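Everything below concerns the one structure shown next.
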Amino acid sequence: MSYLKRKENMGRRIHVHRVPAAIVIILLTVIIVYFVNFHQDERPTLYSMLRNQNKVNLRKLLIGAIQAAQRGGMEVLEVTKTLELKERSKGKTDEGANDPFTDADGRSHCVMKEGLHRIFPQIKIFSEEDKESCSNVNTFDLDPTVLHETADLPNELADINDVTVWIDPLDATQEFTEKLYQYVTTMVCVAVKGKPIIGVIHSPFIGQTAWAWVDNSMSEYLASIHPVSPDTSKPLITVSRSHAGSVKDLVRNVFGEKSEILTAAGAGYKVLQVISNNATAYLHSTKIKKWDICAGDAILSALGGTMTNLKGELIDYGPDGSPVNDQGLLATLKSHDEYINKLIQSRKSAAPVHR
Ligand SMILES: *[C@@H]1O[C@H](CO)[C@@H](O)[C@H](O)[C@H]1NC(C)=O
């Protein structure tokens with residue numbers, strides 16, 4: 001065989017194999033692109049959709065939680081407006097009219113819970129007003145503009161079965177009826193495996209939203225009220241104005257005559273007092289519901305603070321326990337152990353009295 005002929009043969013052989021080789025290369029490219037793509041959560045491929053059907057994107061849940069708290073707040077404001085209108089035109093519709101205050105709780109609950117439920121249908125949501133029945137509720141679509149522009153948040157996924165959401169559609173209802181509106185908040189909290197990681201405390205009458213996502217980011221308002229180096233040299237304890245008597249005695253006994261007390265209302269508002277260093281601790285000696293405290297717990301964690309019961313134990317926000325925390329509450333930004341030890345010591349020394 002001449003050199004030329006051999007070359008011709010080789011050329012033919014290569015020519016014959018070129019088509020299957022091209023097909024293999026194209027297939028490989030498709031497979032590689034496919035597998036690289038499914039890591040990018042925003043671009044759902046069939047594979048990622050199947051893989052993530054039991055997951056929830058926590059960034060989206062944060063956006064929904066902020067919107068729910070703000071929408072609930074709008075309902076509360078609207079009820080207040082109609083109430084004031086009613087009062088101005090006295091005696092018009094007293095008979096058979098709804099109680100405007102329970103109206104506010106109910107309307108806020110429906111907008112918050114139904115709104116979140118429509119977007120995240122598989123997530124367990126607990127609300128203070130779960131007995132309410134809702135109809136004709138205005139729902140909402142996720143709107144990322146509720147985050148500030150500099151908030152750079154990851155598309156972190158969590159197992160849907162690990163997530164619980166706690167809603168308080170109107171905290172400080174008593175004060176709301178007394179028109180002490182500064183205490184009123186609407187709250188949403190997200191817990192993963194019982195641990196609070198996203199907290200939203202919205203103050204509708206102040207028009208501000210404090211939110212935080214542990215290890216990620218916080219709202220500009222929250223950053224603005226949180227001092228860089230809080231002064232905790234003197235105990236200044238915030239307690240509930242509704243049952244302040246016994247807890248005031250407790251504060252004096254435990255922290256001494258020099259300690260100061262700030263009476264306030266609403267668990268959300270009181271946590272904000274601790275966060276802003278208007279108080280060094282928030283103390284509650286009786287039962288308290290988990291939707292009252294979960295959002296504050298998450299925000300405190302995000303700021304390096306601590307919330308525990310009066311035994312110094314963390315509170316579990318998982319789906320299985322009771323919604324009531326019956327072991328009291330202590331929330332601080334700093335020196336939590338010191339406060340808890342004093343409380344535990346005083347209980348020990350007080351114990352013989354009850355023998
Ligand atoms: C802290 O106290 C000051 C003075 O009373 C008040 O103006 C401010 O609103 C309080 N901060 C918060 C977060 O409520």
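First listed ligand is number 1; within each ligand, the first listed atom is number 1. When a residue number appears, it is its place in the shown sequence, counting from 1. Treat the numbers as computed from the prediction; the structure is a model and nothing was measured.
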Item checked: Thr209-Gln70 side chain donor-acceptor pair, cut-off 3.5 Å -> yes
Next item on the list: Look at atom NZ of Lys195 and say whether more than 12 heavy atoms of other residues, nucleotides or ligands are closer to it than 6.0 Å.
Entry: no
Item checked: Which residue and heavy atom of the protein sit nearest atom 8 (C) of ligand 1, plus the separation -> Asn278 ND2, 3.8 Å
Notebook entry, point to check: Does Glu132 pair with Arg107 as a salt bridge, N-O distance under 4.0 Å?
Noted result: no
Next item on the list: Using distance alone, with no hydrogens and no angle criterion, decide if Tyr183 and Asp171 have a side-chain donor and acceptor under 3.5 Å apart.
Entry: no
Check: Side chains of Tyr339 and Thr280: do they bring a donor and an acceptor to under 3.5 Å?
Finding: yes
Margin query: Looking at atom 4 (C) of ligand 1, tell me if a protein heavy atom falls under 4.0 Å from it.
Written below: no
Next item on the list: Show which atoms of ligand 1 fall inside a sub-4.0 Å distance from at least one heavy-atom site of Ser276.
Entry: 11 (N), 12 (C), 13 (C)
Check: Counting only heavy atoms on the protein side, is anything nearer than 4.0 Å to atom 11 (N) of ligand 1?
Finding: yes
Note to self: Looking only at protein heavy atoms, which one is nearest to atom 14 (O) of ligand 1, and what is the separation?
What the structure shows: Gln273 NE2, 2.8 Å
